[in-house]
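One structure is given below, encoded as structure tokens.
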Amino acid sequence: YLDFVRSNETTGIDGKPMLNRYSTHLTREHDFPGAQAMLYGAGVPDSQTMKTAPHVGVASVWWEGNPCNMHLLDLGKEVKKALTARGMLAWQYNTVGVSDAITMGNQGMRFSLQTREIIADSVESVTCAQAHDANITIPGCDKNMPGCIMGMTRHNRPSLMIYGGTIDKGYSKTLRKNVNVATCYEAFGAYTFNTLKQPDDGGDTSKTKDEIMEDLERHACPGAGACGGMYTANTMATAIETMGLSLPGSSSTPATSPAKMRECAKAAEAIKVCLEKNITPRQLLTKKSFENALVITMALGGSTNAVLHFLAMAVTAGVDLTLDDFQRVSDKIPFMADLAPSGKYLMADLYEIGGVPSVQKLLIAAGLLDGTIPTVTGKTLAENVASWPSLPSDQVIIKSLDNPIKSSGHIQILKGNFAPAGAVAKITGKEGLRFFGKARCFDKEVQLNEALNRGEIPRGENLVLIVRYEGPKGGPGMPEQLKASAAIMGAKLTNVALVTDGRYSGASHGFIVGHVCPEAAVGGPIALVKDGDEVTIDAATNTISVDVSEEEMETRKKAWTPPRMVVTRGVLAKYAALVSDATHGAVTDLF
Ligand code: FES
């Protein structure tokens with residue numbers, strides 16, 4: 001396959017690196033006059049440019065209906081301007097994703113994860129079909145970043161990613177505090193349980209709960225940019241920058257800041273360096289750079305979705321990364337960041353004290369990050385951040401290494417008779433390390449939401465709420481669950497743990513375990529658990545177990561019948577038929 005997409009021509013007739021090593025097959029001599037006619041028609045100005053300029057595809061994951069993505073076409077235009085000014089031919093195109101926060105509000109959430117594959121397929125298709133020599137991708141929302149990296153890795157031509165940037169902070173005058181999209185979901189729990197109130201500290205407390213909700217909804221998202229906490233989008237952008245695939249500062253620069261525009265111009269310089277030195281994604285996606293991604297994710301308290309996406313990126317790049325690597329890194333890296341969802345601050349706050357490069361600088365100096373990895377600038381990670389300011393001594397967002405929030409990472413890999421192939425837990429330690437309770441099973445998240453709405457989850461006893469048939473095949477699409485976890489946090493139900501073969505949103509927190517593998521749809525133990533079974537989740541021993549004997553599990557397995565597939569045609573049916581399990585990243589091209 002790689003022979004199909006690879007060009008062996010690396011040196012031009014002048015002995016210099018050949019920057020148009022793919023497009024030259026279309027543009028040299030008159031081998032493909034129809035192709036050249038099309039390219040002139042599309043804007044190539046003259047024959048000199050036709051014969052020599054590298055073609056750079058600029059892929060924005062743009063659409064209008066989401067703050068995370070609404071500005072990405074404009075960023076692409078800036079990139080195009082900068083590429084053109086440097087003598088390259090820029091071809092803007094589009095690929096589509098969906099908004100995670102919006103899809104989570106309805107059954108559309110099943111369509112979310114598979115858009116990662118659509119993005120990867122689009123980027124790979126356009127680059128290879130159009131013979132682009134290089135590729136700049138501009139993603140915004142959660143699935144966009146891994147999708148872009150997977151597409152770039154598949155075509156493996158000089159590439160870099162510009163993150164669309166984080167959203168600014170929202171402010172609610174009613175609640176007199178900074179708010180963001182996750183605040184709305186959590187408020188919903190209090191709204192349902194009639195405990196949503198304005199602060200009673202002397203201000204106007206006349207607002208009804210509906211007026212408070214309305215106020216939150218109107219002010220949580222003040223403009224363009226991805227969700228502001230250490231949710232999935234910021235987690236992935238931060239990791240990808242720490243792997244060397246985007247420019248220094250890309251992940252913490254807010255979407256609407258002038259610095260984001262400057263990054264677009266700098267990207268044109270960097271892609272030229274990548275072309276000249278033939279720096280390709282597979283050179284950057286290595287075991288060492290994945291190790292860096294895991295380190296920064298643990299240090300900053302990133303989303304559990306990162307586990308799935310890193311595994312998918314590694315599978316695509318042919319890097320041997322397993323769930324055990326996550327546990328190994330989690331055991332040694334302290335959780336240091338007071339960032340939402342478990343903490344107080346947002347990425348826009350981190351930007352103001354130096355941003356992600358300042359954190360990288362700290363971790364490189366401590367020997368926790370590998371500063372020697374190559375990056376898209378042509379320099380090492382350590383060289384990129386050398387001139388960056390250190391974190392100010394009086395800042396409060398990143399705790400010191402000797403006094404972190406937790407001495408190890410928050411992501412825990414659990415195994416046991418409940419999840420023989422593994423499960424992913426996000427345990428910050430705030431909720432304790434061990435949870436024991438009786439199982440209460442729900443086939444699909446909607447059933448749990450309905451039970452919550454009806455007030456059927458009692459406060460008295462410890463319960464393990466199990467949401468199943470929501471895995472990659474069973475969902476289908478391994479939908480992300482935020483509504484239930486946010487409602488539970490908002491309602492302050494501290495007597496429950498949540499377990500699913502689906503995923504939790506990066507904005508979720510509490511005692512939660514997701515990605516349970518094997519999933520219910522293929523007859524994993526999660527399908528066989530019954531109401532009242534005793535389940536133990538133990539982050540100290542990294543186990544998740546159900547107190548049911550092997551023989552009883554065997555009996556239940558024999559009596560189990562796979563559910564009828566309700567989706568039989570269309571994109572979700574295709575996804576369910578092709579998708580790998582969660583421990584292999586839930587990708588669709590692993591046969
Ligand atoms: Fe796009 Fe949160 S919905 S980053």
Side-chain angles (χ1 to χ4, degrees), residues 60-73 75 95-106 108-116 118-119 137-149 161-170 178-186 188 216-217 219-241 246 250-256 260 297 300-306 308-309 339-342 346-348 350-351 356 477 479-483 485-486 503-509:
S60 294
V61 189
W62 171 79
W63 76 98
E64 283 183 323
N66 189 28
C68 329
N69 297 75
M70 60 195 266
H71 59 305
L72 302 185
L73 191 63
L75 294 186
T95 171
V96 294
V98 298
S99 162
D100 274 274
I102 294 174
T103 60
M104 269 186 285
N106 62 70
M109 62 188 177
R110 299 182 197 291
F111 288 85
S112 168
L113 179 60
Q114 56 86 34
T115 60
R116 187 187 71 188
I118 291 175
I119 293 165
T137 54
I138 313 176
C141 200
D142 300 7
K143 311 299 172 292
N144 299 185
M145 276 66 70
C148 285
I149 297 296
M161 186 190 97
I162 299 171
Y163 178 44
T166 185
I167 199 167
D168 287 331
K169 288 174 274 189
N178 289 334
V179 291
N180 64 80
V181 70
T183 323
C184 299
Y185 281 102
E186 290 191 5
F188 181 72
L216 277 177
E217 288 159 2
H219 296 105
C221 298
C227 295
M230 202 56 191
Y231 312 140
T232 306
N234 282 336
T235 300
M236 292 310 299
T238 303
I240 288 163
E241 181 180 326
S246 52
S250 182
S251 61
S252 43
T253 305
T256 53
K260 188 50 77 181
T297 301
L300 295 185
S303 157
T304 52
N305 280 320
L308 191 78
H309 296 320
L339 290 169
S342 63
L346 299 174
M347 188 56 96
L350 183 59
Y351 174 71
V356 166
E480 197 165 57
Q481 297 160 39
L482 175 60
K483 207 168 175 186
S485 64
R503 293 176 299 126
Y504 285 109
S505 157
S508 299
H509 57 126

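Note that the numbering runs from 1 along the sequence shown for the chain. If you're wondering where the values come from, they're calculated on a predicted model, not measured in any experiment. Ligands are counted one by one from 1 in listed order, and the atoms in each one are counted from 1 as well.
- Taking Val181 as the reference, Ala101, Tyr185, Cys221, Cys227 meet the side chain to side chain contact (heavy atoms under 4.5 Å, CB included) condition, with sequence neighbours excluded.
- With sequence neighbours excluded, the residues that form a side chain to side chain contact (heavy atoms under 4.5 Å, CB included) with Ala306 are Thr235, Met236, Thr297, Phe310.
- The closest side-chain donor-acceptor pair between Asp100 and Tyr231, if any, does not fall under 3.5 angstrom.
- Side-chain contact, Asp168 with Thr256: a donor N or O sits under 3.5 Å from an acceptor N or O.
- Atoms CD1 and OG, on Ile138 and Ser60 in that order, are 4.0 Å from each other to the nearest 0.5 Å.
- Note on atom 1 (Fe) of ligand 1: protein N/O/S atoms under 2.8 Å are Cys68 SG, Cys141 SG.
- Every residue meeting the side chain to side chain contact (heavy atoms under 4.5 Å, CB included) condition with Ala233, not counting sequence neighbours, appears here in chain and number order: Asp142, Met145, Tyr163, Ala226.
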